[in-house]
Amino acid sequence: MPHVLTRSLDRSATVFLIVVAAVGVLIPLSNLLLPAGSMLQVPTYLVALFGKYVCYAILALAIDLIWGYCGILSLGHGAFFALGGYAMGMYLMRQIGSRGVYGNPVLPDFMVFLNYPKLPWYWNGFDMFWFAALMVLLVPGLLAFCFGWLAFRSRVTGVYLSIITQAMTYALLLAFFRNDFGFGGNNGLTDFKDILGFNVQADGTRAALFALSCLALIFGFLICRAVVTSKLGKVLIAVRDAESRTRFLGYRVESYKLFVFTLSACMAGVAGALYVPQVGIINPGEFAPGNSIEAVIWVAVGGRGTLIGAALGAVVVNYAKTVFTSGPLAPYWLFMLGALFILVTLLLPRGIIGTFNAWWEPWKAQRVSAAAESAAREDGISEPNPAE
């Protein structure tokens, strides 16, 4: 496995991993070791904000894996992100115990308020971290597997698949809004205290969660690179470019699409699980179809089918969102986001990284060719003269 991961890395991928690793180490150290007020000290609120960006980058990677390399445009990946977040939120709620407002050692506060007689059966086990971590992967992965098996087996593709993924996340949005569903209704899950015995509000915990998010981004990127640079990745690209022809060649297209769709959903679940303790809340709003559409825009802006571009697009767009929604332009952010998507589609259809690669590769090839010609002249080798 290490050989596969190493072989899948090129220079740009290596640089990306080094940058993420450096950020994952330097920002927590700056927050914890440097005195408050120092120019180089990163405040705790920025550590949490940057951690949220990293989680979004993992989600963007998951979408780019299926959209950029397999041609599956999912407008419901926010559902997998939110399910992973709810799994982690349930664990965090169970850690509150008698420190809640009502002091019930078993039932979360919202269940006491709604007169629940006992803990619902599907909350059992979430007082153990290993069980919650397993559910972070299993619940989104199982939903994606069942949904994908039905959709891909029926050969639903294109815009029709996008619509039913959007319908899926909207159905979950309506379900989780219900108070009798057992997940906090409109308010969701919040007021978290501890994670693995550490205070979630403490500076050290925030820094550790940020570093863990960067580590998850690195592993997610390595997994995606290993997939797309393997023989499996070549088949996925063939499915994206000519699905019918790939099927006629004897490949079971549905199996390939189902595998990559399930893997992508698990990655989105991990992103959601890391997101919740850093922002301190998870509610049904995370299921909103608009969130999934916005995540697709991140990938389009950064560069579809590049992986690095997807992560970069998530960070750039969300940083812009933070800047513009905290000032007088806040009511117009969605218009600006839509305009950005239109401009990128018309002027930079390959996204930021895709456009850069389209410019860089010919220039690099020209430099290599010129260097080879120069070396040949120095060795006394010249091209034959056709006139001779």
- Query: What residues form a ring pair (Phe, Tyr, Trp, His ring centres under 6.0 Å) with Y102, not counting sequence neighbours?
  - Reply: none
Please tabulate, for side-chain N and O atoms in residues 252-259, each donor-acceptor pair with protein atoms closer than 3.5 Å (sequence neighbours left out).
unit_1, atom_1, unit_2, atom_2, d
E254, OE2, R247, NE, 3.4
E254, OE2, R247, NH2, 2.9
K257, NZ, E243, OE1, 3.3
K257, NZ, E243, OE2, 3.4

- Query: Taking side chain as C-beta onward, heavy atoms only, is N318 less than 4.5 Å from W298?
  - Reply: yes
- Query: Roughly how far, to the nearest 0.5 Å, is CG of L83 from CG of L172?
  - Reply: 6.0 Å
- Item | Parallel, tilted or perpendicular: ring planes of Y86 versus F176, cut at 30 and 60 degrees | tilted
- Query: Run the ring-ring contact (aromatic ring centres under 6.0 Å, His included) check on Y122 and F183 step by step: do they pass?
  - Reply: CA-CA 10 Å; Y122 45 84; F183 295 101; 5.4 Å; yes
- When Ile, Leu, Val, Met, Phe, Trp and Tyr are grouped by side-chain heavy atoms lying under 4.5 Å apart, directly or through other members, which residues fall in the same group as L34? L40
- CH2-NE2 distance between W67 and H77, expressed to the nearest 0.5 angstrom: 12.5 Å
- How close do A48 and R206 get, heavy atom to heavy atom, and via which atoms? CB-NH1, 3.6 Å
- Rounded distance (nearest 0.5 Å) linking atom OG of S292 with atom CD1 of I297: 11.5 Å
- Message: Could you work out, with side-chain hydrogen bond (donor to acceptor under 3.5 Å, both in side chains) as the rule, every residue matching T325, not counting sequence neighbours?
- Response: none
- Message: Testing the basics here: between A268 and A62, what is the closest heavy-atom pair and its distance to 0.1 Å?
- Response: N-CB, 4.1 Å
Extract all donor-acceptor atom pairs below 3.5 Å that involve side chains of residues 127-149 and protein atoms in other chains or at least two apart in sequence.
none

- Message: Can you pull out every salt bridge (Lys or Arg N to Asp or Glu O under 4.0 Å) where at least one residue sits in residues 98-118? Sequence neighbours excluded, please.
- Response: R99-D194
- Message: I'd like to check the side-chain hydrogen bond (donor to acceptor under 3.5 Å, both in side chains) partners of T322; sequence neighbours left out, ordered by chain and number.
- Response: Y53
- Under 3.5 Å donor-acceptor, T355 side chain and P349 backbone: no
- Note on the structure: The reported gap from CD1 in I308 to CG in L312 (rounded to nearest 0.5 angstrom) is 9.0 Å
- Per side-chain contact (heavy atoms from CB on, under 4.5 Å), L75 is matched among T169, V159, I293, N291 by I293
Identify every side-chain donor-acceptor pair in residues 283-290 under 3.5 Å, counting partners at least two apart or on other chains, and give the distances.
unit_1, atom_1, unit_2, atom_2, d
N283, OD1, G285, N, 2.9
E286, OE2, Y275, OH, 3.3

- Message: For the backbone of G354 and the side chain of T306, can you confirm whether one donor and one acceptor N or O come within less than 3.5 Å of each other?
- Response: no
- Task: Please identify each residue that fulfils ring pair (Phe, Tyr, Trp, His ring centres under 6.0 Å) with F152, with sequence neighbours left out.
- Result: F261
- Task: Would you confirm whether W333, through its side chain, and L329, through its main-chain N or O, come within 3.5 Å as a donor-acceptor pair?
- Result: no
Show me the side-chain donor-acceptor pairs of residues 207-221 shorter than 3.5 Å, one per line, residues at least two apart or across chains.
unit_1, atom_1, unit_2, atom_2, d
S213, OG, L209, O, 2.8
S213, OG, Q278, NE2, 2.9

- Task: To the nearest 0.5 angstrom, please state how far the CG atom of D10 sits from the CZ atom of F16.
- Result: 12.0 Å
- Query: Can any side-chain N or O of S30 pair as donor or acceptor with the backbone N or O of V42 at less than 3.5 Å?
  - Reply: yes
- Heavy atoms, side chains only, cut-off 4.5 Å: are Q95 and I195 in contact? no
- Excluding sequence neighbours, so at least two apart, what forms side-chain contact (heavy atoms from CB on, under 4.5 Å) with L119? R94, V106, L107, P108, M111, W123, N124
- Message: If we ignore hydrogens and angles and just use 3.5 Å, is the side chain of Q41 paired with the main-chain N or O of N31 as donor and acceptor?
- Response: yes
- Task: To the nearest 0.5 angstrom, please state how far the CZ atom of F324 sits from the CZ atom of F335.
- Result: 15.5 Å
- Looking only at atom types and distance, does a side-chain atom of S264 sit under 3.5 Å from a main-chain N or O of L65, one as donor and one as acceptor? no
- Item | Residues clustered with L32, ILVMFWY side-chain links under 4.5 angstrom | none
- Message: If you define the side chain from C-beta out and look only at heavy atoms, does anything of F341 sit under 4.5 Å from T345?
- Response: yes
